[in-house]
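The next block holds one structure in the form of structure tokens; read it before the comments.
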Amino acid sequence: MLRFALSPTGDMTIDDLRIAIVNFIVAQKRGEPFLVRMDDTDKVRNIEGKDTEFMQILEKFSLTHDQVYHQSEHQSIHQTLALRLLEEQKAFVCTCTNTDSSTCSGTCAQMTEDAYSRLKAEGTPFVVRLKAPKETICFNDIIFGEYNAIPEETGEPVILGSDATPTALFASACDDMLSNISTVIRHAWHIGNTPKEIHIKTALGYTGNTDYAHLPNIENAPSLKQLFKEGYIPDAIINYLLLLSNPKSEQTFFTLPEAIAWFDLAQVPKTPAVFEMETLRKLNREHLLKMDDRQLSMLFGFADAAIGKLAKVYLEEEKASTVSELEAAIRPFFSPKSFDGEMGEKMSILKNIIWEAPMLDSYETFEAYLVKESGLSGDALALPLRKLLTNSTEGPALDTLYPHIKSYLLEVIS
RNA sequence: GGCCCCUUCAUCUAGCGGUUAGGAUUCAUGGUUUUCAUCCAUGCCACAGGAGUUCGAGUCUCCUAGGGGUCACCA
């Protein structure tokens, strides 16, 4: 089983999303189930509603899961496991107040039963620490390669906090064990936790094998909210994040299902990826171009294939790459025009001519008709006409726009 | 401080012992296009520094400098 674990203590980041996608894709590749886990052990920092927000985002990206749970549901199991380690003398009670040390700074490990009972009676706060391993812990990270941690590095990790709740590290190790996670794929900054987790699982008698793949961070990444607001679509974002993860792939433009065939976890670079908006823009444009015309128009408030085709003219000519840019280009077609100034006079003339004109099928006949009726030609005609039709002084050639707006002509010019 | 990762044109990068060190963006020049833009051609520009291994080092080893990450009762 693969898992995507995230704490509901803040917004989902681009890094988080990439990790979710990679977990999903590896699960699909291997035909293993995909678990979504809310690591909500920190009651203070948890933010109400973040968990449902995460699920909505995953749904938006079509990352379907087979199982989902909150880590807090397992709290009593984790506590039981911690107590078992205590009984087996693999863990010990520690009263050191020194919180910035990964080891007990005193001799708590030698505490006697009597001393322990007295502690409890007096209500002195204490934590439970796992004893340090005796040997160096080694594992082979799929991305970073061999990693060795001497016993001092692993230390004596706290497994139960002073409020008797399992620590995030311990809870995570326990749940990975209980869910029998085959490969842990997560942020690179967890790599130093890995020896501690291996140590915990070993102490609990876990014999299953767990592979690890730590993904480097993505530098310079914008927030997901910003990307959504600017009109980047999920297909393009997935495409880009997978491209950053497998930069040597032969394809650069693809969908998630296509990528499942060739994606290779071992090919993820260990150097941090740099987020480049330009590349995403290009992919976004391509994905928008591939969409169904009518669906495309629905992204910015229309429901008509002709408007979708109109949008594609802007996309093809690279006048727009995002949904919000399309909206900014096409909405004004239908908003009231200004007829002020010299340009406005010509626009009024053209407007009246078009109002009376018959339905003209091609731009050539339309333009010829306007030339004949208005006496205008060249730029004197093209510019006011462009302004009248598109409410802008620039854009794709009018003859490419005309076929898609001719059925809206009267609406557009009014 | 310990441990891990990184350093190639202005920018993002390819490269995994022998290359004229490749591409993309930017920039410059010329051309196409009666809007803006596009597009085409050409040009400019790089291996952090130092030792070593080798017939041969951007590539392997070590040192120096600089950047990032991590060492919690946070994930």
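A note on names: the letters A, B, ... follow the listed sequences, proteins ahead of strands, and every chain is numbered from 1.
- For A:Asn246 (side chain) and A:Asp264 (main-chain N/O), a donor-acceptor pair under 3.5 Å exists by modelled atom type.
- For A:Lys201, the side chain to side chain contact (heavy atoms under 4.5 Å, CB included) criterion is met by A:Ala173, A:Asp176, A:Met177, A:Tyr206, A:Thr210, A:Tyr212, not counting sequence neighbours.
- A donor-acceptor contact shorter than 3.5 Å links the side chain of A:Thr390 to the backbone of A:Ser392.
- Atom CG in A:Asp399 sits about 13 Å away from atom C1' in B:U35, given to the nearest Å.
- Heavy atoms from other residues, nucleotides or ligands lying under 6.0 Å from NZ of A:Lys131 number more than 12.
- Considering only side-chain atoms of A:Phe144, the nucleotide from B:C5, B:C73, B:G69 that sits closest is B:C5.
- Contact annotation for A:Asn217: no contact, since no heavy-atom pair falls under 4.0 Å across all strands.
- Residue A:Tyr147 has its side chain nearest to B:C3 when only B:C73, B:U35, B:C3 are considered.
- Ring centroids of A:Phe24 and A:Phe4 are separated by 6.0 Å or more, keeping the two rings apart.
- Residue-to-nucleotide proximity on RNA chain B shows that, of A:Ile191 and A:Leu383, the 5′-proximal contact is made by A:Ile191.
- The side chain of A:Asp42 sits closest to B:C74 out of B:C74, B:C36, B:C73.
- Computed from coordinates, the A:Glu153 CD to B:C4 P distance equals 8 Å when rounded to whole Å.
- Ring to ring, A:Tyr408 and A:Phe333 are not that close: their centroids are 6.0 angstrom or more apart.
- Contact annotation for A:Ala5: no contact, since no heavy-atom pair falls under 4.0 Å across all strands.
- Comparing the same atom, C1', in B:G22 and in B:C45 gives a spacing of 14 Å after rounding to whole Å.
- Ranking B:C74, B:C3, B:G69 by closeness to the A:Trp189 side chain, first place goes to B:G69.
- In this structure, A:Tyr369 has its ring center no closer than 6.0 Å to that of A:Tyr363.
- Contacts of residues 76-83 of chain A with RNA chain B (heavy atom under 4.0 Å): none.
- Ranked by how close their nearest RNA chain B nucleotide is to the 5' end, A:Glu146 and A:Pro396 are led by A:Glu146.
- Between the side chains of A:His190 and A:Ser172, no donor-acceptor pair of N or O atoms lies under 3.5 Å.
- Not one N or O on the side chain of A:Thr165 forms a donor-acceptor pair closer than 3.5 Å with the backbone of A:Gly161.
- Comparing B:C3 with B:C63, their P atoms sit 11 Å apart, to the nearest whole Å.
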Can you give me the N/O atom pairs linking the protein to nucleotides 13-16 of chain B at distances under 3.5 Å, or say none if there are none?
| from | atom 1 | to | atom 2 | distance (Å) |
| --- | --- | --- | --- | --- |
| B:G15 | OP1 | A:Lys248 | NZ | 2.8 |

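- Checking side-chain atoms of A:Lys60 against main-chain N and O of A:Pro234 turns up no donor-acceptor pair under 3.5 Å.
- No N or O donor and acceptor, one from the side chain of A:Lys270 and one from the base of B:C6, sit under 3.5 Å apart.
- Distances shown here put a side-chain N or O of A:Arg129 below 4.0 Å from the OP1 or OP2 atom of B:C73.
- Here, B:G52 and B:C27 have their P atoms 44 Å apart, quoted to the whole Å.
- Residue A:Val158 is classed as a sugar-phosphate contact, given heavy-atom separations below 4.0 Å to backbone atoms only.
- Spacing between atom CG of A:Leu243 and atom P of B:C12 amounts to 17 Å, rounded to whole angstrom units.
- Straight-line distance between the C1' atoms of B:U26 and B:C9: roughly 11 Å, to the nearest whole Å.
- Taking atom CG on A:Asp15 and atom P on B:C74, their separation rounds to 22 Å, with Å as the unit.
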